[in-house]
Each structure stands twice: as structure tokens, then as C-alpha cells.
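Quick notes on the structure that follows.
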Amino acid sequence: MGELQTIRSGIIAGLTEWKNRKNSGIVDAEAQALADATISHFTSQLGAVDKAIALTIDNDCDLQSKRDLLLSISGVGETLAGVVLAELPGPDVLRSSAEVVAYAGLNPRSISRESPSIERHTSPRLATPFFALHYTCWRYPPCGTILRSWRW
């Protein structure tokens with residue numbers, strides 16, 4: 001599923017780039033049409049990848065139960081749940097919420113000497129969704145209870 005998330009982030013980057021190019025003043029009608037076709041292609045590919053991610057989760061009972069748990073949090077949707085499931089290693093690697101935060105790169109100083117397997121990550125693909133999840137949990141306190149039941 002990690003590969004699908006990598007493809008998804010690449011498609012989003014391309015889609016954003018072409019939307020920005022189109023809105024930056026393309027005057028030529030043929031160039032405008034090509035930009036529209038490129039945007040349409042990226043949009044359809046994004047839909048296909050999202051379906052593949054959902055299918056991958058639906059076909060795995062463990063991922064499905066974790067996704068359902070994440071979706072029970074107000075403000076967490078399919079996209080954020082998919083990124084969290086794809087990017088986080090299991091509880092055998094990350095044994096506490098502090099280690100999850102450190103792994104996401106949100107607080108690299110919290111990586112302890114007792115956890116040498118955790119390397120500093122600062123990937124926006126991971127840090128941005130985790131910041132969104134943190135914000136959601138801050139605004140919706142029962143979120144912490146839900147995530148604790150996941151044994152993180």
C-alpha cells in the first residue's frame with residue numbers, strides 16, 4: 001500500500017502543478033486545451049489510485065478494522081486514514097504515541113536512545129497528515145481514546 005500512496009502523492013503533485021500552470025496565464029488555445037487534458041488525466045488517475053487503496057484496505061481484515069477505527073474520529077476521512085495506515089509501521093516498532101510523533105518528524109527530539117530502530121523522518125507525506133490528525137484530536141478529545149484502543 002505504500003507504493004500506492006507514493007503514486008498518489010506524485011499524481012497530486014502533478015495535478016497541482018498543471019492547475020497552477022493553467023491559472024498562470026496560458027493564452028494559447030492549443031496550450032490551454034493540452035493543459036485541460038493533462039489535468040483531466042491526472043484527475044482520473046487519482047480516482048483510480050484512490051479506488052486501489054480502498055480495495056487494498058477492504059481486502060485486509062486488520063487494515064480494514066484500523067481504517068474503521070480511524071474513520072470513527074471526527075475529521076478523519078478515507079485519504080488521511082489511508083496515509084496513516086500506509087506510512088506507519090506497526091506497534092512492534094512504535095511502542096508509544098511519543099514514538100509515533102517522533103517518527104512523523106513532528107518532534108524529532110523525542111526519539112529516545114532506547115528506540116534506535118526509529119529514524120528521524122521529515123517527509124511531508126507523513127508529517128502533514130499527522131499534523132492534521134493531531135489537530136483533529138486536539139479539537140475532538142475522544143480521538144485520543146480511540147487511538148489508544150489501537151495500542152499505539
Side-chain angles (χ1 to χ4, degrees), residues 1-94 97 99-108 118-152:
M1 191 163 74
E3 295 88 3
L4 291 172
Q5 287 294 342
T6 300
I7 292 169
R8 186 180 194 286
S9 66
I11 291 170
I12 289 175
L15 182 60
T16 302
E17 177 185 349
W18 279 98
K19 283 182 176 180
N20 290 340
R21 284 178 189 244
K22 182 179 181 236
N23 295 328
S24 68
I26 295 178
V27 185
D28 183 45
E30 188 172 335
Q32 189 78 274
L34 288 170
D36 288 337
T38 302
I39 290 168
S40 176
H41 174 72
F42 277 125
T43 302
S44 68
Q45 291 301 305
L46 183 59
V49 169
D50 284 343
K51 284 181 185 176
I53 291 170
L55 186 62
T56 300
I57 293 171
D58 288 341
N59 290 334
D60 184 312
C61 292
D62 186 45
L63 288 176
Q64 189 176 17
S65 66
K66 289 179 180 179
R67 182 207 45 209
D68 293 344
L69 186 63
L70 287 167
L71 291 177
S72 70
I73 299 169
S74 177
V76 175
E78 292 285 341
T79 302
L80 179 56
V83 171
V84 169
L85 292 173
E87 297 294 334
L88 268 186
D92 53 322
V93 175
L94 304 175
S97 59
E99 290 181 355
V100 171
V101 169
Y103 186 83
L106 297 176
N107 186 5
I118 300 174
E119 297 178 16
R120 182 177 176 176
H121 281 338
T122 54
S123 167
R125 200 173 68 198
L126 188 58
T128 302
F130 271 79
F131 179 78
L133 185 59
H134 167 75
Y135 183 75
T136 297
C137 289
W138 175 70
R139 302 234 335 134
Y140 182 69
C143 163
T145 305
I146 293 168
L147 290 178
R148 275 191 293 281
S149 71
W150 192 2
R151 303 196 190 277
W152 283 107

- Item | Pairing residues for Thr79 by the side-chain contact (heavy atoms from CB on, under 4.5 Å) criterion, not counting sequence neighbours | Arg8

- Could you tell me which residues satisfy side-chain contact (heavy atoms from CB on, under 4.5 Å) with Leu4, sequence neighbours excluded, listed by chain and number? Ala52, Ile53, Thr56

- Please list, chain by chain and in numerical order, all residues satisfying salt bridge (Lys or Arg N to Asp or Glu O under 4.0 Å) with Asp60, sequence neighbours excluded. none

- Message: When you compare the side chain of Leu34 with that of Ile26, does any pair of heavy atoms fall below 4.5 Å?
- Response: no

- Task: Among Thr38, Ile11, Leu15, find the residue that satisfies the side chain to side chain contact (heavy atoms under 4.5 Å, CB included) test when tested with Thr43.
- Result: Leu15

- Message: Give me the atom names and distance for the closest heavy-atom approach of Leu71 to Ala81.
- Response: CD2-CB, 4.2 Å

- Task: Could you pull out the closest heavy-atom pair between Ala54 and Arg67, with the gap in Å?
- Result: O-NH1, 4.2 Å

- Task: Any salt bridge (Lys or Arg N to Asp or Glu O under 4.0 Å) involving residues 38-48? Give me the pairs, sequence neighbours left out, ordered by first then second residue.
- Result: none

- Task: Kindly write out the residues that satisfy salt bridge (Lys or Arg N to Asp or Glu O under 4.0 Å) with Glu78, not counting sequence neighbours, or none if the list is empty.
- Result: none

- Once you round to the nearest 0.5 Å, how far does OG of Ser40 lie from CD of Gln45? 10.0 Å

- Task: Take Leu85 and Leu70 through the side chain to side chain contact (heavy atoms under 4.5 Å, CB included) test and state the conclusion after the steps.
- Result: CA-CA 9 Å; Leu85 292 173; Leu70 287 167; 4.2 Å; yes

- Residues Gln64 and Asp58: closest non-hydrogen pair is OE1-O, 3.7 Å

- Query: Tell me the salt bridge (Lys or Arg N to Asp or Glu O under 4.0 Å) pairs involving residues 21-30, sequence neighbours left out?
  - Reply: Glu17-Arg21, Lys22-Asp36

- Looking only at heavy atoms, which two atoms of Gly82 and Met1 are closest? And how far apart? O-CE, 3.8 Å

- Got a second to check how far Thr16's OG1 is from Ile39's CD1, nearest 0.5 Å? 10.0 Å

